[in-house]
Structures are given as structure tokens and as C-alpha cells.
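Quick notes on the structure that follows.
Both counts, for ligands and for their atoms, begin at 1 and track the order of listing.
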Amino acid sequence: MRVPFLDLGLASQELQAEISAALTRVVGSGWYVLGPEVEGFEREFAEYVGARHCVGLGNGLDAVHLALRAAGIGPGDEVIVPGNTFIATWLGVSYAGATPVPVEPDPRTYNLDPERIAAAVTARTRAVVPVHLYGQPAEMDAILEVARAHELFVLEDAAQAHGARYRGRRVGAIGDAAAWSFYPGKNLGALGDGGAVTTDDGELADRLRRLRNYGSRVKYVHEVMGFNSRLDELQAALLRAKLPHLDEWNERRRRIAALYLRELAATGLLLPHVPSCAEPVWHLFVVRTERPEELQRHLERSGIATLIHYPIPPHRQDAYRHLHLPEQTLPMSEAIHREVLSLPIGPQMSPDQVAAVVDAVQTFPR
Ligand SMILES: *Cc1c(COP(=O)(O)O)cnc(C)c1O
């Protein structure tokens, strides 16, 4: 049996009728950028998240970048970010002109550790970007408390956590704003690139609408030097077709995760830890071992695809050499990056495929 890491083709097949209808509607409308589909999706996604506003953007990286920019963050400012995250979190800070200041995670959840945020605050710190990594909500109450004490803007990076809940509330409406990605492989994914920011702050949303469209609110009147970063009509229509299925698809991921947690408990692998305040959506199911490459090869021999999220932490990438954060600056983040392996998990996995993964992991020699 072959088990792909994630089968996006099957997901599209499952919604073929809805996807065809969305495509036909947009193609026939003759209107392809910033129109009724984007407005409709913004309204529906804001409602889903429980935020007042949603602004559709070109991708998740732009969502991080433009949200910070709209909050007035720029050159000379420091923004606290997780040491272990996908590099886009850092790049968004850098594109705004600010400096990413990484902190080590909570060793059990791999998410931002509120106490370390307080320790990293300087006179220049203006914002903090908690990432709901792998689909598990960060410890938002404690993060907000530190942030309020230091007057920091809180931008949730929710790119991996569509539908996740923290203390019963959906992520994306807990901080001052949240950045979303609709990259195809995310829990809510378009058939191309897409992104958004959700927020309760009407003025912030207004500035984002201006920034995404050449700094313009009225055609050919440019108030600021903006960008071109718009969610397009086709992707918005596809996202509207998929959004009603998100909860069901997340539920399928939960069932697979519950099975993995139960069946792999005795394997000696370090399994994900879910605190009682968190309802994760299992964007990834990440196990930890001192021999990730061996486990990867072992599973490969059974036809099971795995990935490493992520092999090199941002501070060890050449792209961030100028920050002079050498090896062992963030030992915990580095250890996580060295030891993690993501097992296949996705709404379209068959019970046989899930069983094959369990069998193969259980036979990994200790
Ligand atoms: C995917 C992702 C992004 C960036 O999203 P794109 O749409 O690919 O630009 C940002 N942050 C995190 C944590 C992500 O996983």
C-alpha cells in the first residue's frame, strides 16, 4: 500500500460538484479581481472565525507582513517570534522592516513560552507573533497578559490552525489580528495561493484594504505606497466552496490523531502533547525521535511518505545570517528541528492507510 503525505487530488474529487460550480460562476462572471466572491468569502470567513473583519490577501506571508505594517510596525522595531516556526513568520516581520527576535518554545507544546516573551522584551519591542504551530493553539491568555503589560501588538500566525479552538474560542479572533494562509496544503486550502487577515479593529482592516491594492481606496488615488496582494476571485470562490466542509475535515483529522495517540503510545516516540485548553486541528501530526531519518527510511520502505517540519530553523538559514544568531543560540528549537518527523494525516486518508502507518511505526526497531 502507498500512503502519500497528503492527497490534495482526492480532496478536490470529493468536492468536485462544488468546485465546478464555483469555477463556472467566476469564469462566466467576467470579474476576476476584488469582486463579489472575495467580499463573500471575507464575510463568511470572518463569521466562521468570530472576528468582525476579514481582508483577503495574496498569501500568508503577505498577511503577516501587511498586518504588522498596518499596525504601524517598521524599521527600528523588534517583533518577538518563535524560534521554531516556518520561516514565513520571520520573513513577514523582516518585510515590514522590523527585526525578528526569536524565543525558545514551551518544550512540551513547541509553542511560544509566555515567560520567555517577557524576558525578551526591550524598549524597542512592539509586537509578538504567536504561531499556532502544527494546528495547536498557543497559550494565548498568558501571551496576551504579557503583551498588554508591555503594550505589544499581538498578531496570531494562524496559517496552520483553521478551526482550532483555545478555551472554546476559535483562534484568529483572540489576538489583535490574525494572519491566515490558504496555500493548498493548509487545513483550508485554495487551489493556488491565498491569504487573509482577520481582526476586530475596523481601522486596521481599512489600512489593510488600502495596502493590498496599491495604497488606494478610491481608484487611481494613492494615499500610501501600497502593494499588490489581493486574494483573487477564483480562489475566493473555491474557498467558499470548501469552508462549509472545514469542520468535518478537521473532525476526520482528529479521529486519525486520536488513533495515532492511542496506538503509538507504547512505541517510545515522543507524541504530541495537547494541553486541556487546546483543541488542535492537526495540520500536522509530529512525532519526535533521536533517529528521525531512520524512522523516515523505515516508513518509506512500507510505502509511507513523511516530511520534516522543518529541517533547518530560521536562525540557521543563510537568509538570516545577518542576524548573527549562531548555532546553539536556541538549543531547544534546534533540537526540535533535528528530531521531528511528520506522519501522514489528512481528511482523505482511508482507514487502511491509517492502519498501515500504525503498523509500520510499531515495527520500527527501538
Ligand atoms: C504556510 C505558513 C505561512 C505562509 O503562508 P503562505 O501562504 O505560504 O505564504 C506563514 N506561517 C506559517 C506558520 C505557515 O505554516
Side-chain angles (χ1 to χ4, degrees), residues 5-6 8 41 45 54-69 79-96 100 102-103 105 109-112 127-138 140 143 154-164 171-172 174-175 177-198 208 211-212 227-232 234-236 238-239 242 253 280-286 307-315 317 319-320 333 336-337 340 342 345-346:
F5 186 72
L6 182 67
L8 292 172
F41 175 71
F45 193 63
C54 172
V55 181
L57 301 167
N59 55 66
L61 168 56
D62 286 355
V64 177
H65 162 208
L66 297 179
L68 292 172
R69 197 176 271 268
V79 176
I80 294 172
V81 294
N84 61 314
T85 179
F86 180 54
I87 196 168
T89 313
W90 288 45
L91 290 173
V93 173
S94 301
Y95 287 169
V103 300
T109 64
Y110 310 149
N111 271 327
L112 264 188
V128 55
V129 188
V131 177
H132 306 304
L133 195 68
Y134 307 149
Q136 164 138 292
M140 290 305 294
I143 291 171
V154 178
L155 175 65
E156 298 172 64
D157 182 337
Q160 301 187 357
H162 315 70
V171 303
I174 301 173
W180 300 91
S181 163
F182 306 117
Y183 178 79
K186 309 289 181 172
N187 287 38
L188 178 62
L191 304 190
D193 278 309
V197 170
T198 50
L208 279 162
L211 281 172
R212 75 174 169 185
F227 300 80
N228 176 354
S229 180
R230 304 171 295 214
L231 180 63
D232 68 60
L234 206 50
Q235 300 306 339
L238 293 166
L239 289 166
K242 285 189 160 189
R253 288 175 184 267
V281 287
W282 303 102
H283 174 59
L284 298 171
F285 190 95
V286 176
L307 290 172
I308 295 175
H309 297 92
Y310 300 89
I312 308 169
H315 74 283
Q317 302 278 1
Y320 278 108
S333 299
I336 293 169
H337 284 254
V340 289
S342 304
I345 190 166

CG on Asp62 to CZ on Arg69, rounded to 0.5 Å: 10.5 Å
For ligand 1, which atoms have a heavy atom of Asn59 less than 4.0 angstrom away? 7 (O), 9 (O)
Atoms of ligand 1 close to Val131 [distance to a heavy atom under 4.0 angstrom, numbered from 1]: 13 (C)
Hey, can you tell me if His65 and Phe227 have their rings parallel, tilted or perpendicular (30° and 60° cut-offs)?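 Answer is perpendicular, since the angle exceeds 60°.
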Quick one: does Asp193 get an N or O within less than 3.5 Å of an N or O on ligand 1?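 Checking ligand 1 against Asp193, no N or O pair falls under 3.5 Å apart.
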Polar atom proximity, Gly60 to ligand 1 (N or O, under 3.5 Å): yes
Can you tell me if His283 has a non-hydrogen atom under 4.0 Å from ligand 1? no
Indicate, with yes or no, if the rings of Phe41 and Phe182 have centres closer together than 6.0 Å. yes
What about Phe5 and His309, are their ring centers closer than 6.0 Å?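 Yes - the distance between ring centres of Phe5 and His309 falls below the 6.0 Å cut-off.
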Taking all non-hydrogen atoms of both residues into account, name the closest pair between Pro102 and Pro100 and its distance.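 It is CD-O, 3.6 Å.
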Residue and atom name of the nearest protein heavy atom (relative to [atom]), distance in Å to one decimal:
atom                    : answer
atom 10 (C) of ligand 1 : Ala88 CB, 3.4 Å
atom 11 (N) of ligand 1 : Asp157 OD2, 2.8 Å
atom 1 (C) of ligand 1  : Lys186 NZ, 1.7 Å

Please state which part of Leu61 comes within less than 4.0 Å of ligand 1, counting heavy atoms only: side chain, backbone, both or neither.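 Looking at Leu61 and ligand 1, atoms from backbone and side chain both fall under 4.0 Å.
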Could you walk me through whether Tyr183 and Asp193 pass the side chain to side chain contact (heavy atoms under 4.5 Å, CB included) test, one step at a time? CA-CA 5 Å; Tyr183 178 79; Asp193 278 309; 3.8 Å; yes
With His132, the side-chain hydrogen bond (donor to acceptor under 3.5 Å, both in side chains) member among His162, Gln160, Glu156: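 When His162, Gln160, Glu156 are each tested with His132, the side-chain hydrogen bond (donor to acceptor under 3.5 Å, both in side chains) holds only for Glu156.
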Options Gly194, Gly195, Ser181, ranked by nearest heavy atom to atom 5 (O) of ligand 1, top entry: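 Nearest option to atom 5 (O) of ligand 1, by heavy atoms: Ser181.
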